[in-house]
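All residue numbers refer to positions in the sequence shown, counting from 1. Ligands are counted one by one from 1 in listed order, and the atoms in each one are counted from 1 as well.
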Amino acid sequence: MPIYEYVCEACGEQFAKLQKMGAAEDETACPKCGSSEVKRRISGCSIGSGGKDPGGPACGSGGG
Ligand SMILES: [Zn+2]
């Protein structure tokens, strides 16, 4: 199972959870403040449902 990284939009807490692929992000709540306003951040470039770009995907760039 992949580890998903989350950032709480309410308090800014960053945490990681081990979840099945395809788990809904709204199932996840912040362990610090309990808010469900969390955003998932995929840890690692190999995880995801995109195609393989030979030129190199936008790994590590923020925003979004
Ligand atoms: Zn929080």
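Side-chain contact check for S36 versus C30: every heavy-atom pair is 4.5 Å or farther apart. Two residues are said to be in side-chain contact when any heavy atoms from C-beta on lie closer than 4.5 Å; K17 and E5 fail this criterion.
Around the Zn ion (ligand 1), protein atoms of type N, O or S found under 2.8 Å number 4.
The cationic atom of R40 (NZ for Lys, CZ for Arg) does not lie both less than 6.0 Å from the six-membered ring centre of Y6 and within 45° of the ring axis.
In terms of the side-chain contact (heavy atoms from CB on, under 4.5 Å) criterion, residue partners of E9 (sequence neighbours excluded) are, by chain and number, E37, K39.
Nearest heavy-atom pair, A16 versus I3, reported as atom, atom and distance to 0.1 Å: CB-CG2, 3.6 Å. V38 and T28 get closest at one heavy-atom pair: CG2-O, 3.5 Å.
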